[in-house]
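Worksheet: one structure, shown below.
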Amino acid sequence: MKKILLIQTGGTIAMQAQLDGVVLDPDRWSNQLYKQIPSLNKIADINVEPLFFEDSSDLHSYHWDSLLNLIQHKYTQYDGFVILHGTDTMAYTASALSFGIDGLDKPVILTGSQVPLSGIRSDAQRNLINSVEIATSDLTEVAICFNDHVYRGNRATKMSVGDFDAFATPNYPTLADIGLDIDFHRKNWLNAPTNCLNNGPSFHSGFSGDILVLTIYPGFQNNQLDSISLKDIDAIIIRAYGSGNFPIKGEYSWIPFLHRCKDNNLITVITSQANYDAVNLKNYSAGRTALDIGVLSSGDMTLEASVTKIMWLISAHQDNHESNLQIAKKFQESLRGERS
Ligand code: ASP
């Protein structure tokens with residue numbers, strides 16, 4: 001029987017329903033949760049690690065590092081890992097973990113639920129059983145298993161607050177779909193690593209927090225940008241419209257700000273507020289000007305992948321003394337299947 005480590009980090013799945021909403025209840029749930037589903041032990045030999053117990057909106061890069069360190073230390077003892085996690089930032093954590101592990105050769109599956117396990121009609125039991133099952137497979141990716149679908153973690157985004165079908169990968173097909181049988185779509189999987197068969201994967205924790213994400217909207221008063229001290233920031237991600245479009249006329253133009261970013265040696269990325277398809281900066285005049293200034297395109301990456309990738313690349317760059325050009329080059333490559 002395969003050995004699976006179930007890592008508890010909190011989220012709605014582990015919360016307790018009350019009349020006026022749901023609350024975390026660490027004493028009750030932190031390592032008891034899975035015992036509510038005795039059938040799990042028929043699928044795998046499970047150990048539980050209560051790592052932390054938080055609403056996922058309180059998570060940050062420190063928690064991603066702790067997850068990476070835990071998986072690294074337990075890596076050889078287990079065949080797969082399941083992380084119980086809140087849905088709100090699950091796609092960020094999944095993306096961060098994917099960048100932090102190079103040469104992964106086991107499944108790392110994140111799951112959670114829309115209704116606490118203790119709630120009537122909860123989706124927790126199904127998600128947890130499915131995830132443990134997937135963690136016993138030969139998938140070699142960080143994935144999200146939710147509502148009978150398995151998604152590449154760094155392609156996923158939370159799409160719904162109220163639907164059991166909370167996640168999607170707008171620009172990538174599912175890795176598996178679960179019905180009466182599990183339909184593994186192996187053609188969509190990353191190739192298992194071959195270069196490190198004997199050495200196992202390498203882990204690189206560390207994510208820089210010195211980035212800023214800005215959302216453009218009609219009427220955005222650009223003088224608000226003047227008060228941002230760009231000296232303390234390494235990268236800016238701009239959530240533009242459609243294929244990467246943004247205002248270029250008069251007082252609303254973003255061009256002066258892009259020049260300021262360049263003068264301050266920032267890495268500047270344009271992503272889209274639209275979920276489907278890819279940013280193409282060559283399409284419109286705004287994008288072409290941005291390209292001339294040296295702005296990067298996020299392509300078809302999710303916001304979650306773009307944010308965590310740039311945080312990770314900047315931190316690694318500080319350790320390895322790499323230039324912004326090297327970061328830019330890596331940002332535009334697919335490192336873990338996160339962009340086409
Ligand atoms: N606020 C919760 C969390 O992200 C939502 C959930 O788990 O569904 O921790």
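Everything quoted here is computed from the prediction, not taken from an experiment. Every number for a ligand or one of its atoms is a count from 1 in the order of the listing.
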Original post:
Is it the case that K106 places NZ or CZ above or below the six-membered ring of Y75, under 6.0 angstrom from the centre and within 45 degrees of the axis?
Top reply: yes

Subject >> Sub-4.0 Å heavy-atom environment of ligand 1, residues by chain >> reply: G11, T12, D55, S56, G86, T87, D88, S113, Q114

Subject >> cation_pi(K309, F331) dist<6.0 Å, angle<=45 >> reply: yes

For residues 255-263, which side-chain donor-acceptor pairs fall under 3.5 Å, sequence neighbours excluded?
unit_1 : atom_1 : unit_2 : atom_2 : d
R260   : NH1    : L225   : O      : 3.2
R260   : NH2    : I228   : O      : 3.0

Name the atoms and distances for all side-chain donor-acceptor pairs under 3.5 Å in residues 156-168, with sequence neighbours left out.
unit_1 : atom_1 : unit_2 : atom_2 : d
T157   : OG1    : E304   : OE1    : 3.4
T157   : OG1    : E304   : OE2    : 2.7
K158   : NZ     : T87    : OG1    : 2.8
K158   : NZ     : D88    : OD1    : 2.7
S160   : OG     : G162   : N      : 3.3
S160   : OG     : D163   : N      : 2.8
D163   : OD1    : D165   : N      : 2.9
D165   : OD1    : N147   : ND2    : 3.0

Original post:
Can we call the ring centroids of Y92 and W64 under 6.0 Å apart?
Top reply: no

Please report, to 0.1 Å, the donor-acceptor pairs under 3.5 Å made by any side chain of residues 1-8, with sequence neighbours excluded.
unit_1 : atom_1 : unit_2 : atom_2 : d
K2     : NZ     : T136   : O      : 2.9
Q8     : OE1    : G10    : N      : 2.8

